[in-house]
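Computed from a predicted structure; not experimentally measured. In what follows, chains are A, B, ... by sequence order, proteins preceding strands, each numbered from 1.
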Number of protein chains: 2
Amino acid sequence: MTTTAPHDQVKDRLEQAGQRYTAGRQALVVFLHTAGHPVDMNEITAASPGLPMSSVYRNLVVLEQAGAVTRLQGPGALARYELSEELLGHHHHLVCSSCGRMEDYQVPPEVEGALLAATRSAASNNGFKATGHRLELRGLCARCGQATPGATEPHPLT
Amino acid sequence: MTTTAPHDQVKDRLEQAGQRYTAGRQALVVFLHTAGHPVDMNEITAASPGLPMSSVYRNLVVLEQAGAVTRLQGPGALARYELSEELLGHHHHLVCSSCGRMEDYQVPPEVEGALLAATRSAASNNGFKATGHRLELRGLCARCGQATPGATEPHPLT
DNA sequence: CTCCGTGCAAACTTTTTGCAACGGG
DNA sequence: CCCGTTGCAAAAAGTTTGCACGGAG
């Protein structure tokens with residue numbers, strides 16, 4: 001699961017963008033990589049107490065612009081971040097409607113094919129030029145399975 | 001396109017929740033209904049200058065809890081709202097990666113079938129109990145088709 | 001020496017909440 | 001009358017920005 005973090009690719013992308021692959025950025029990439037699922041600010045700061053949020057946000061912006069990180073908007077107000085599909089490969093997400101947690105998820109190839117087809121057929125629709133797709137499977141994660149079903153309140157932490 | 005707004009269903013739902021279907025709420029429902037796509041606060045307040053945002057937010061919460069309105073998190077920071085699927089029927093969205101605008105979109109039945117199948121097969125995955133799905137087709141809307149492709153900045157307005 | 005990156009604090013944006021006044025049933 | 005609803009203003013939550021310092025190239 002914890003295969004070596006994609007430091008080289010990230011470094012290349014950053015340097016192409018005229019940015020350095022500093023210690024803080026490496027730590028961020030390692031954290032995103034080992035987390036294995038899209039993380040939010042709470043998770044990041046919980047993992048490194050004292051780390052200033054502004055630096056984290058700034059580094060996330062830099063990494064996003066370099067194409068190394070993707071920012072996702074979950075159901076809640078908090079943004080979530082993960083390594084980009086260019087590093088991680090194409091995938092989708094399971095989203096817990098109770099706590100907002102996300103997990104990566106690969107759909108079966110037939111479904112992926114159907115989504116590709118839908119993207120292409122939508123390419124003509126309404127003047128919209130569709131270029132990609134994003135699927136969320138909503139439900140309850142293991143933690144929330146038994147708690148307040150139907151609710152939308154966030155869970156304690158992580 | 002502008003079939004009669006679903007006042008009766010909304011009213012029923014609100015009354016079941018012990019809430020009234022006031023003028024402000026009716027106006028909101030009419031606006032959501034005639035807009036025909038998920039709208040954000042800017043669009044709402046632009047349509048009714050002077051209307052206090054707090055009331056709009058509160059009414060949206062009430063309507064959401066009554067199951068008449070759904071809150072969507074677009075790519076940007078602003079939340080978008082539309083009439084719930086219970087009123088509008090099941091559908092998905094085209095999302096402009098440049099300006100954040102969303103349009104409703106029905107996928108072909110085969111794709112919908114594949115999504116259902118994926119939802120069911122994910123039901124077993126990771127302890128996640130998948131109960132529904134949400135598909136976004138990303139691309140450029142008609143307005144943004146020629147402008148700054150690849151960018152993620154919002155467009156002027158509406 | 002020159003920039004890029006960092007930390008801190010303050011600003012900003014979006015959304016929520018408290019409180020007093022209003023008005024329909 | 002009562003209680004849900006409204007408006008205004010203040011607060012909260014999340015994110016962004018300005019500025020000065022420090023370290024890498």
Side-chain angles (χ1 to χ4, degrees), chain A residues 10-11 13-29 31 38-46 48-66 68-81 99-100 152-157, chain B residues 10-29 38-46 48-66 68-81 99-100 152-157:
Chain A
V10 176
K11 190 179 183 205
R13 288 174 175 275
L14 282 175
E15 289 179 348
Q16 270 182 259
Q19 304 276 342
R20 296 180 198 150
Y21 193 32
T22 62
R25 292 168 189 179
Q26 290 176 37
L28 208 37
V29 166
F31 183 70
V39 300
D40 62 23
M41 264 322 243
N42 290 340
E43 292 173 73
I44 295 174
T45 55
S48 357
L51 180 62
M53 296 190 317
S54 62
S55 297
V56 176
Y57 277 117
R58 259 191 290 228
N59 283 333
L60 286 169
V61 169
V62 169
L63 288 166
E64 192 184 7
Q65 286 174 343
V69 161
T70 302
R71 178 186 187 148
L72 306 170
Q73 203 70 303
L78 283 85
R80 287 180 175 268
Y81 301 85
C99 69
T152 315
E153 303 88 45
H155 234 231
L157 254 192
Chain B
V10 175
K11 190 180 182 202
D12 286 354
R13 286 174 176 275
L14 282 175
E15 289 180 348
Q16 271 181 257
Q19 305 274 340
R20 297 181 198 150
Y21 193 32
T22 63
R25 290 167 190 180
Q26 290 176 37
L28 208 37
V29 167
V39 300
D40 62 22
M41 262 324 238
N42 289 341
E43 292 173 73
I44 294 175
T45 55
S48 358
L51 180 62
M53 296 189 318
S54 61
S55 297
V56 176
Y57 277 117
R58 259 191 290 225
N59 283 332
L60 286 169
V61 169
V62 168
L63 288 166
E64 193 185 7
Q65 287 174 342
V69 161
T70 302
R71 178 186 187 148
L72 307 169
Q73 204 69 303
L78 282 85
R80 287 180 175 269
Y81 301 86
C99 69
T152 315
E153 304 89 44
H155 234 230
L157 256 192

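Taking side-chain N and O atoms only, A:Gln19 has no distance below 4.0 Å to OP1 or OP2 of C:dC4. Phosphate contact (OP1/OP2 of C:dT6, side-chain N/O of A:Thr22, threshold under 4.0 Å): present. Contact annotation: A:Asn59 reaches the phosphate of C:dT6 (side-chain N/O to OP1 or OP2, under 4.0 Å).
At distances below 3.5 Å, at least one donor-acceptor pair connects side-chain atoms of B:Arg80 with backbone N or O atoms of B:Pro38. Counting only distance, with no hydrogens or angles, the side chain of B:Arg25 and the backbone of B:Asn59 share no donor-acceptor pair below 3.5 Å.
The OH atom of B:Tyr81 lies 9.5 Å from the CG atom of B:Leu72; values are rounded to the nearest 0.5 Å. In this structure, A:Arg13 CZ and A:Leu63 CG are separated by 11.0 Å, a value rounded to the nearest 0.5 Å. The NZ atom of A:Lys11 sits 8.5 Å away from atom CD of A:Gln26, with the distance rounded to the nearest 0.5 Å.
Contacts of A:Arg58 classified as side chain to side chain donor-acceptor pair (under 3.5 Å), with partners at least two apart in sequence or in another chain: none.
Contact check for A:Tyr21 versus A:Val29: side-chain heavy atoms found under the 4.5 Å cut-off. No side-chain heavy atom of B:Leu14 sits under 4.5 Å from any side-chain heavy atom of B:Thr22.
In this structure, B:Gly24 and A:Arg71 both approach DNA chain D, and ranking their closest nucleotides by distance from the 5' end singles out B:Gly24.
Separating the CG atom of A:Leu14 from the P atom of D:dA24 is a distance of 18 Å, rounded to the nearest angstrom. One can place NZ of A:Lys11 at 16 Å from C1' of C:dC4, the figure rounded to the nearest angstrom. In this entry the distance linking CD of B:Gln73 with P of D:dT15 reads 10 Å, nearest Å. Atom CG of A:Leu60 and atom C1' of C:dT6 are 15 Å apart (whole Å). In this entry the distance linking CG of B:Leu28 with C1' of D:dT6 reads 14 Å, nearest Å. Put simply, CG on A:Leu63 is 15 Å from C1' on C:dT6, counting in whole angstrom units. Distance A:Tyr21 OH to D:dG23 C1': 19 Å, rounded to the nearest Å.
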**Q.** Worked check of side chain to side chain contact (heavy atoms under 4.5 Å, CB included) between A:Leu60 and A:Arg71
**A.** CA-CA 8 Å; A:Leu60 286 169; A:Arg71 178 186 187 148; over 6 Å; no
Please write out the pairs of protein N or O atoms and N or O atoms of nucleotides 19-24 of chain C separated by less than 3.5 Å, giving the distance to one decimal.
none

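The stretch residues 49-57 of chain B touches DNA chain C through B:Met53, B:Ser54, B:Tyr57, each having a heavy atom under 4.0 angstrom from the strand.
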